[in-house]
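Throughout, protein chains are lettered first and strands after them, A, B, ... in sequence-line order, and every chain is numbered starting at 1. These numbers come from a predicted model, not from an experiment.
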2 protein chains.
Amino acid sequence: MLSFAEENYLKAIYHLSEQSGDSVSTNAIAEILNTKAASVTDMIKRLSGKGILSYQKYKGVNVSESGRKAALQVIRKHRLWETFLVEKLKFNWDEVHDVAEQLEHIKSPLLIKRMDEFLGYPKYDPHGDPIPDEHGEFKAKPQVAISECEVNRSGIVVSVKDDSPEFLRYLDKIGAYLGAKVKVLDKVDFDGSMEIQIDNKKIVFISREVSENIWIAD
Amino acid sequence: MLSFAEENYLKAIYHLSEQSGDSVSTNAIAEILNTKAASVTDMIKRLSGKGILSYQKYKGVNVSESGRKAALQVIRKHRLWETFLVEKLKFNWDEVHDVAEQLEHIKSPLLIKRMDEFLGYPKYDPHGDPIPDEHGEFKAKPQVAISECEVNRSGIVVSVKDDSPEFLRYLDKIGAYLGAKVKVLDKVDFDGSMEIQIDNKKIVFISREVSENIWIAD
DNA sequence: AAATATTTTTAGATTAATCTAAAAATGGTA
DNA sequence: TACCATTTTTAGATTAATCTAAAAATATTT
Ligand SMILES: [Mn+2]
Ligand SMILES: [Mn+2]
Ligand SMILES: [Mn+2]
Ligand SMILES: [Mn+2]
């Protein structure tokens, strides 16, 4: 049984290794978890001892198969809780992440089974991220970041890659909800910023940082 | 902000002081929390330092006004979660306590507000215990333990005082749900055991320990 | 390749929460 | 009142999780 802290490390390391496709460095983990490299070294030793990570001094860590399974179960819980909060308790999508960070550590297989059932076996969370099933299986919708799109390309927002309230409230403000139609009107090659049209109406100018975090599909 | 352990101590001490109406002893706390007296001494010092308890060496502890408020908020969360699990997720009443012990420590005022709303502002939990409102106000139904009833007295089960799965499953087996009608048919003075009729049908023989934990009202 | 910079690990402390064993206080009984 | 049993506290350890500062390993740049 993993502690809260162990689960948080595991989840962060899993996400980092998915992103980079490579082994994960001590500093990268420390930065994401707002902690110190020394603390990370201690913890990855412990998780290696439990067979959750494989680790050689100075070489970074990799998530083992059992670690991957455990990580996906925590992620499953996080995303099911976020879905519950939005669908049933009328939370806004920017209000759910921090609460889900707590709820994801509740240990009760029955609770998760019943919650999944109660929600109608949702496949995606309020930010468009896929919810792994009880075996850890999931499928992300085919999608592309707006930042990668050519001028005149349009599509439906299916996922947003930043969970922070600040970003999500900005999306609310410009109307870029999941399901909204987005069309690229113009692109500034110099800094990657662009002009987009939302739902055939509003025209807004967004920075590269924003366009990298909004993903669309046809 | 109280830690999980601090909240658990506070809740236990609050319940003990309500029961006895007096200051609470170190040993009583240790027994209820399955811990050692030495650990209790450490913790009550800490909670006194935070103004949650008042404490003098060797004299036992009392819950302060701010402690009482905090305890009632934890109890509120525990009972709301139990209600949610039974009403919405179809848990049986014997399956909820351990999960609620975890969920009661989640910190999110909005979550509790919305959960209360979602459940329709319930006044009692699945075991008949009153749910304090956001100000800590609550009212238990007038009620009496079957063990205190005379022969021929009858009433409706409104509350059960033991949360353990073993006890609750036994009540399921004999049909003594909340809302069931119970009539005392016979009473053995020697050991307090009694014969009761449930819902005008089944006749069962129950021990004193059981009769003390089933409470009825007219 | 040597010097320098960066990253990572180790050493040593700290805090919360727990324990065992021993000492101190309390309360009842001879 | 003095002794004894019980309760409570203290002393000293332990484990998880964290930190700072210093040492060691690795990577980069002259
Ligand atoms: Mn999230
Ligand atoms: Mn999400
Ligand atoms: Mn309970
Ligand atoms: Mn209850």
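As rounded to whole Å, 11 Å separates atom P of D:dT18 from atom CG of A:Leu47. Rounded to an integer number of Å, the gap from CG of B:Asp42 to P of D:dA13 is 15 Å. Rounding to whole angstrom units, NZ of residue B:Lys36 and C1' of D:dA11 are separated by 17 Å. Look at CE on A:Met43: it is 16 Å from P on D:dT15, rounded to the nearest Å.
Atom NE2 of residue A:His127 and atom CH2 of residue A:Trp93 lie 7.0 Å apart, to the nearest 0.5 angstrom.
OP1 or OP2 of D:dC19 has at least one side-chain nitrogen or oxygen of A:Ser39 nearer than 4.0 Å. Side-chain N/O atoms of A:Tyr9 include one lying less than 4.0 angstrom from OP1 or OP2 on D:dT18.
Just one residue in the list B:Ile174, B:Val210, B:Val188 forms a side chain to side chain contact (heavy atoms under 4.5 Å, CB included) with B:Phe205, and that residue is B:Val188.
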message: Counting primed atoms plus P, OP1 and OP2 as sugar-phosphate and everything else as base, spell out the protein contacts along nucleotides 4-9 of chain C at 4.0 Å heavy-atom distance: B, S or - for each nucleotide, 5' to 3'.
response: ---SBB
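Within 6.0 Å of CD on B:Glu117 lie more than 12 heavy atoms contributed by other residues, nucleotides or ligands. Heavy-atom contacts from other residues, nucleotides or ligands closer than 6.0 Å to CD of B:Glu209 number 12 or fewer. Other residues, nucleotides and ligands contribute at most 12 non-hydrogen atoms within 6.0 Å of the CD atom of B:Glu150. Counted within 6.0 Å of NZ on B:Lys69, heavy atoms from surrounding residues, nucleotides or ligands total 12 or fewer; the atom is thus considered open.
The side chain of B:Ala5 lies closest to C:dT18, out of C:dT18, D:dC19, C:dC19.
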